[in-house]
Amino acid sequence: MTLQEITGSAHNFEECMKCTVCTAYCPVVPVNPRYPGPKQAGPDGERLRLKNPEFFDEALKYCLNCKRCEVVCPSGVNVADIIQEARIRYSQSKPKLRDKILASTDTMGSLARPFAPVVNGVLSLGVTKAMMDGVLAVDKHRTFPKYSSESFEGWFKRKAKAAQDAFKEKVAYFHGCYVNYNYPQLGKDFVKVMNALGIGVELLDKEKCCGVAMISNGMSKAAAKNAAINSGAISKVVEKGLRVLTTSSTCTFTMRDEYPELLHIDNAAWKNSLLLATRFIYEAVDSGRKKLIFKDSYKARIAYHTPCHLEKLGWGVFSTRLLKMIPGVEFTLLDSACCGIAGTYGFKKENYEASQAIGKALFEDIASVAPDVVACDCETCKWQIEMSTGYKVMNPVSILAEALDTELTAEANRS
Amino acid sequence: MKFQTIIVGGGLAGLTAGLALQKKGISCAIISSGENALHFSSGTFSGDCPEETVRLFEEAGIVLKGDPAKDSWRLTPSGSMQKVRLAFEDVTLYPSEKINATNVLIANPEGFIDFPTAFIADGISQQGIPCKVKSFSLPCLKLLRESPSEMRSVGIAKKLDGCIEEVAECIKGLLDGEDLVILPQVFGLASPEPVRALRAAIPAEINFIGTMPPSVPGIRVQLQLKKAFERAGGTFLMGDTAIMAEIADGTVRFIRTKNLDSHILSADNYILASGTFFSKGLTSSMQKISEPLFGLDVECPEERTEWYSEDFFAPQPYMAAGVKTDKDLHPLRDGQPISNLYAAGSILAGKKNAGMALTSTFKVVKKIAL
Ligand SMILES: Cc1cc2nc3c(=O)[nH]c(=O)nc-3n(C[C@H](O)[C@H](O)[C@H](O)COP(=O)(O)OP(=O)(O)OC[C@H]3O[C@@H](n4cnc5c(N)ncnc54)[C@H](O)[C@@H]3O)c2cc1C
Ligand code: SF4
Ligand code: SF4
């Protein structure tokens, strides 16, 4: 055992050398003077809280949990984990009704979906927005993501499931709330790309929201419940030898890293079988196992935005290299910066201005590149960027679905 | 994933190597655990610097002052004069061990304690030059002051960069015939423009001097180098750590990283630019100093008692520790060079400064881009 292993501290907080590099990169510090910053909220504050929990500061709720502090720390301190764990452990404040509503993406989705045209209409009405702004403190500038009238699961059962039996090779798909209720098209694109690769798709027996919004809204018990259900469902297909793919970097990150670190759910049995679809596809093509054939006609200037959780996961490289494989693509990597939405954070009235100020650098960068489309693996970044810049944002999987010659690709992968 | 060259470490050495190689059409990936020594930079480079540095940096939008082959002098935050070669544009360089001024104003934002004005004033007075210290306050700093932990260099720069005209007016108001104004390095975080704008607006020379870390110009230069590298097509794996290297028959076969777990990275050539103890390029235990990734041979005194000098102010021998290499900078492992691995930067044994980091880096670049 090394000295470090013996003296090891939770989330490495003892390793902090007080350099404040984390605070220099925290997107919240410059826009919200009430937020003490990662060094103070994290390792410095932890020392005090260990002495006496009364030192807990409710201002820790301003942390976006974007993990940028962890990515830059020269000493490997898991600053954001320290902060989130402290919120879970010490916060006395109960989540507001508004926070519960925003965090309960599953329930909201299943309630709203059957009435989608009505709900979308109502959510986009000026008067509803004003009421939400006043009563629920959901900022009126926000456009609510639209609810789709048929869920992805519904479409899959009706239109795609039967055809999947034709494939010998299979993957499981964790679609997440966003694909299911708001944007089934991404799920359809995923199925299309997988099928072209000669791979069938199956859904998990049971899938719950990954829980990311619950964690950040102080509902860790509810999040742990979801996590246990997801963990069970994922284990079941992984035992069969399947990999579980997602099209959301945040769901992936939450299930891989936040489940064990913050919710104390042991995922060792399946952690490495849960992959972002772009990583899976890149690896399949890079190893020569699968082939992609693109339409000659596809041309696009694409600027890629790395979502914070993907930056932390370190897998942005799979998405960017995959996009660069498309011959008609002119590719620019945008400077790494937070878009400001951070899941439900930016929807809250009290955070609206901060959220837009955080994203400003990214929005300006996008405007200066002026691409045909912004590519990004995160759904909430998509809302934020589309609302704030007017540029269209697409998941790399949807771009593949558009750029692939599916027939030729399917043929090349038939063997 | 395959690249032509994989670089471990994204500090001055790693980024310079990556940028130079990428510009020569060699595809590179840089793996970088966390931020690096540039974040603690004084804004100057000591030691012999290669000629190529100035042009490569200029292409990335970074202006370097000074002569890479000849010493200049800088005024340090402790008030002394130090020999350096190159400087970021923030810093004023002097041809001799004396500053060039007849009357000096040191101006500091009120409440900023990471800038030792008294030391600097003392040093200038010892050169026989009259010098005054004044503080200034601006509305945009008010909120920052409410949160004492954040009244730090970078936080201040984020505010001041947004109101350079006000800063200029404020400093002009403080001027009383001085021909040199000394300011802390709290300007120009995202671009050097605020530094240039202040210089243009104030009728006296401005010398921006280092603060306690983080270093504002150091962060800016790091971001500029990273951006230039990425826009040239390079892959920067930020926040990832190389944790294992497969070596067979005297060559590196592949590298594994913490984030990419089972996905291996391979290349024709590898550069180790992982820095020193501070950046975990070297580690130490009770018994020995080692290089953790490749298990390379390390040059350092045998006996632990010889790692230190009891004189606190003397150079400490452990600081010169580093990996052993052959003359082509191939590191040795069990006495044998690894043929497709090079070492560059402060991971090398000897005196550590930017000059030696850059000299070794360009030497490696030439070997690889033959
Ligand atoms: C605090 C400090 C201040 C300094 N100030 C000056 C100055 O003002 N002027 C001057 O001339 N010199 C200065 N130096 C000397 C300095 O060593 C050199 O100037 C130069 O910056 C060193 O650059 P480098 O790239 O070799 O190492 P570093 O800047 O230390 O970079 C090494 C990088 O490698 C990464 N790394 C290490 N191991 C791994 C791994 N396994 N996987 C992935 N990444 C890894 C680290 O995270 C780090 O980012 C300073 C040194 C220190 C420590
Ligand atoms: S960057 Fe890391 S070491 Fe530096 S203050 Fe923050 S937590 Fe501490
Ligand atoms: S996770 Fe993001 S918002 Fe929270 S302290 Fe770290 S950098 Fe700041």
Side-chain angles (χ1 to χ4, degrees), chain A residues 2-4 15 17-26 29-37 39-41 44-45 59 67-77 256-257 271-272 275 279 282-283 286-287 306 311-318 320-321 324 331-336 361 365, chain B residues 1-2 11 29 31-37 39-40 114 142-150 152-155 157-159 162 189-190 212-216 219 222-223 226-227 230-231 233-241 257-263 265 275 278-280 283-286:
Chain A
T2 66
L3 194 62
Q4 157 65 11
E15 293 284 294
M17 56 167 164
K18 312 295 166 206
C19 66
T20 71
V21 163
C22 51
T23 300
Y25 284 89
C26 171
V29 168
V31 297
N32 186 349
R34 283 182 300 278
Y35 183 56
K39 170 172 169 280
Q40 186 74 16
D44 285 7
K67 310 279 178 190
R68 288 191 178 265
C69 45
E70 297 185 359
V71 173
V72 297
C73 172
S75 287
V77 180
R256 279 179 56 101
D257 293 339
K271 183 174 176 180
N272 288 334
L275 294 177
R279 173 170 178 171
Y282 178 82
E283 288 182 334
D286 189 46
S287 65
T306 315
E311 181 92 5
K312 168 69 183 168
L313 207 51
W315 292 3
V317 64
F318 296 114
T320 57
R321 283 175 72 99
K324 287 191 212 170
F331 183 88
T332 311
L333 180 63
L334 295 164
D335 288 347
S336 174
D365 198 19
Chain B
M1 211 174 278
K2 254 192 89 70
I31 311 165
S32 186
S33 291
E35 294 301 359
N36 51 75
H39 281 53
F40 304 80
D114 287 349
K142 193 170 156 285
L143 276 177
L144 216 54
R145 234 175 270 117
E146 280 175 14
S147 138
S149 61
E150 306 315 333
R152 306 287 299 258
S153 59
V154 172
K158 283 180 183 164
K159 295 287 175 211
L189 181 66
M212 291 293 278
S215 160
V216 171
I219 291 183
Q222 153 86 17
L223 293 176
K226 176 171 179 266
K227 181 166 185 159
E230 287 183 328
R231 297 260 155 129
T235 299
F236 198 96
L237 301 174
M238 182 62 213
D240 203 357
T241 305
T257 76
K258 194 163 128 251
N259 287 341
L260 302 184
D261 47 82
S262 60
H263 191 102
L265 299 177
F278 172 79
S279 298
K280 302 197 165 75
T283 52
S284 66
S285 66
M286 290 298 192

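Per chain, numbering begins at 1; letters A, B, ... match sequence-line order. Owing to the predicted nature of the structure, the values given are computational and were not obtained by experimental measurement.
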If every non-hydrogen atom of [X] is compared with every non-hydrogen atom of [Y], which pair is closest and at what distance?
X: A/G314; Y: B/L260; answer: O-CD2, 3.6 Å
X: B/D261; Y: A/R256; answer: OD2-NH2, 3.6 Å
X: A/K324; Y: B/G233; answer: NZ-O, 4.2 Å
X: B/P213; Y: A/T20; answer: O-OG1, 4.0 Å
X: B/I219; Y: A/Y25; answer: CG2-OH, 3.6 Å
X: A/R279; Y: B/S262; answer: NH2-OG, 3.6 Å

Toward chain A, the part of [X] with a non-hydrogen atom under 4.5 Å:
X: B/S33; result: backbone
X: B/K159; result: side chain
X: B/M212; result: neither
X: B/L223; result: side chain

What part of [X] lies closer than 4.5 angstrom to a heavy atom of chain B: side chain, backbone, both or neither?
X: A/F331; answer: neither
X: A/T332; answer: side chain
X: A/L333; answer: both
X: A/D286; answer: side chain
X: A/C26; answer: backbone

Beyond-backbone contact of A/V72 with B/M238, side-chain heavy atoms, under 4.5 angstrom: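 A side-chain contact exists here, since the closest heavy-atom pair is under 4.5 Å.
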If you define the side chain from C-beta out and look only at heavy atoms, does anything of A/V21 sit under 4.5 Å from B/F40?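 Touching, per the 4.5 Å side-chain cut-off.
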Could you check whether the rings of A/F318 and B/H263 sit parallel, tilted or perpendicular, using 30° and 60° as the cut-offs?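 Aromatic pair A/F318/B/H263 classed perpendicular.
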SG of A/C19 to CD of B/E35: how many Å apart, nearest 0.5 Å?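 One gets 10.0 Å once the value is rounded to the nearest 0.5 Å.
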With no hydrogens and no angle check, is any side-chain donor or acceptor of B/K158 less than 3.5 Å from a backbone partner on A/V31?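 The answer is no, because no donor-acceptor pair under 3.5 Å joins these two groups.
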Kindly write out the residues that satisfy salt bridge (charged side-chain N to carboxylate O under 4.0 Å, His left out) with A/D365, not counting sequence neighbours, or none if the list is empty.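 Counting only residues at least two positions away or on another chain, A/D365 forms a salt bridge (charged side-chain N to carboxylate O under 4.0 Å, His left out) with B/R231.
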Decide side chain to side chain contact (heavy atoms under 4.5 Å, CB included) for B/R152 and A/T23; before the verdict, give the C-alpha distance in whole Å, the side-chain angles of both, and the deciding distance to 0.1 Å. CA-CA 9 Å; B/R152 306 287 299 258; A/T23 300; over 6 Å; no
Quick one: of A/E70, A/R321, A/E283, who has the most non-hydrogen atom pairs under 4.5 Å with chain B?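 The option with the most such pairs is A/R321.
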